[in-house]
Amino acid sequence: TVVGFVMSLLFHMTQTEACPPSCDCKSLGEMKGLQIDCSSRKLTEVPALPMDTKRLYLQNNSLTSIPAGALDSLHSLEEVKIFDNPWNCDCHILYLKLWLEDVSAPSLANIRCATPAPVKMKPLRQLTGNELGTCKRLLPIKCLEFFWRDLILIVGAIITLTLVAWALKFSKKLVCQINL
């Protein structure tokens, strides 16, 4: 029907507009999502991706890390290829490692570290916390602020309870002395 054709055309146009300019996009059929091919484009960062991405190909680029949260909106992702990139396996790679463990464990097997030197060519899935070095900034600043605020509140509560217990003990002694 004409309505179906128009809806299909609008759907296709919306998807095409959502395709990152540096990538090739292919519809996997109506309401089935997109295949986004950004492989071999010398990308240094992941482009903004449509939420209906089913297959994502980012292999053979110049990606060294992926910002935390950059891939979280890809809920319908079924396949991801992200190997052959010069991954910098420091604290910033932790997001990608954990995300791949949840979403695509087979893809994790193909990723190797390029830097730093102690972990060069080591598979990302075998990377341990000790090899990541000291990750001081894994918690957002606000989380650290809440930690200190909560710590101060807990210490204040303990001091208050101690003073109340001491006051009760002192008041019992006072009542006992008055009764005698």
Side-chain angles (χ1 to χ4, degrees), residues 1-129 131-133 135 137-143:
T1 67
V2 174
V3 174
F5 175 73
V6 170
M7 291 299 287
S8 173
L9 186 60
L10 283 173
F11 182 72
H12 185 269
M13 284 175 70
T14 303
Q15 288 179 338
T16 305
E17 290 171 5
C19 183
S22 55
C23 305
D24 290 326
C25 299
K26 176 181 157 185
S27 175
L28 299 172
E30 222 174 288
M31 304 305 285
K32 291 187 181 176
L34 291 171
Q35 172 180 302
I36 310 291
D37 186 356
C38 302
S39 60
S40 304
R41 308 295 163 106
K42 298 181 181 173
L43 297 176
T44 56
E45 58 186 39
V46 177
L49 298 165
M51 288 180 19
D52 61 342
T53 302
K54 288 275 191 201
R55 298 180 191 154
L56 176 60
Y57 304 131
L58 288 166
Q59 72 271 21
N60 196 29
N61 279 295
S62 298
L63 300 172
T64 57
S65 68
I66 294 181
L71 305 172
D72 290 348
S73 65
L74 305 178
H75 300 291
S76 58
L77 195 65
E78 294 174 353
E79 179 183 8
V80 61
K81 292 182 181 177
I82 203 162
F83 57 89
D84 286 341
N85 283 289
W87 298 110
N88 181 21
C89 295
D90 64 1
C91 291
H92 297 69
I93 202 72
L94 191 57
Y95 166 76
L96 178 62
K97 183 178 192 269
L98 296 173
W99 184 83
L100 286 171
E101 284 174 356
D102 289 342
V103 174
S104 180
S107 296
L108 186 59
N110 298 323
I111 296 177
R112 296 192 177 273
C113 300
T115 56
V119 294
K120 186 172 184 168
M121 296 307 296
K122 185 165 188 169
L124 180 59
R125 73 171 174 205
Q126 293 178 5
L127 208 60
T128 64
E131 292 166 319
L132 287 173
C135 297
R137 288 282 180 171
L138 284 182
L139 289 175
I141 299 295
K142 292 209 182 272
C143 290

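Quick caveat, the model's predicted, so the values are computed rather than measured.
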Would you indicate whether the side-chain heavy atoms of Thr64 and Thr44 approach each other to under 4.5 Å? no

Could you give me the CA-CA distance, side-chain angles and deciding distance for Leu71 and Leu49, then say whether side chain to side chain contact (heavy atoms under 4.5 Å, CB included) is met? CA-CA 8 Å; Leu71 305 172; Leu49 298 165; 4.1 Å; yes

All heavy atoms of Ile93 vs all of Cys89, minimum pair found to be CG2-CA, 3.7 Å

- prompt: Ignoring hydrogens and geometry, is there a side-chain-to-backbone donor-acceptor pair from Arg41 to Ser22 under 3.5 Å?
  reply: yes

Closest non-hydrogen atoms of Cys19 and Asp24, given as atom of the first, atom of the second and distance, are SG-C, 4.1 Å

- prompt: Do Pro20 and Cys25 touch side chain to side chain, with heavy atoms closer than 4.5 Å?
  reply: yes

Heavy-atom nearest pair, Cys38 first then Ile36, reads SG-CG2, 3.6 Å

Sorted by chain and residue number, the side chain to side chain contact (heavy atoms under 4.5 Å, CB included) partners of Glu45 (sequence neighbours excluded) come out as none

d(Leu77 CG, Arg55 CZ) to nearest 0.5 Å is 10.5 Å

- Item | Pair Leu98-Asp102, side chain to side chain contact (heavy atoms under 4.5 Å, CB included): steps then yes or no | CA-CA 6 Å; Leu98 296 173; Asp102 289 342; 5.5 Å; no

Here the side-chain hydrogen bond (donor to acceptor under 3.5 Å, both in side chains) pairs for residues 67-77, sequence neighbours left out, are Asp72-Tyr95

Only distances under 3.5 Å count here; give the side-chain donor-acceptor pairs of residues 110-119 to other protein atoms, sequence neighbours excluded, each with its distance to 0.1 Å.
unit_1, atom_1, unit_2, atom_2, d
Arg112, NH1, Met121, O, 2.8
Thr115, OG1, Asn88, OD1, 2.9

Across all chains, not counting sequence neighbours, the side chain to side chain contact (heavy atoms under 4.5 Å, CB included) partners of Glu78 are Lys54

Counting only pairs under 3.5 Å, give me each side-chain donor-acceptor contact of residues 79-86, with atom names and distances, residues two or more places apart or in other chains.
unit_1, atom_1, unit_2, atom_2, d
Glu79, OE1, Tyr57, OH, 3.1
Asn85, OD1, Asn61, N, 2.9
Asn85, OD1, Ser62, N, 3.4
Asn85, OD1, Leu63, N, 3.2
Asn85, ND2, Leu58, O, 3.1
Asn85, ND2, Ile82, O, 3.0
Asn85, ND2, Phe83, O, 3.3

Sequence neighbours excluded, the answer for side chain to side chain contact (heavy atoms under 4.5 Å, CB included) partners of Lys97 is Glu101, Leu108, Leu124, Leu127

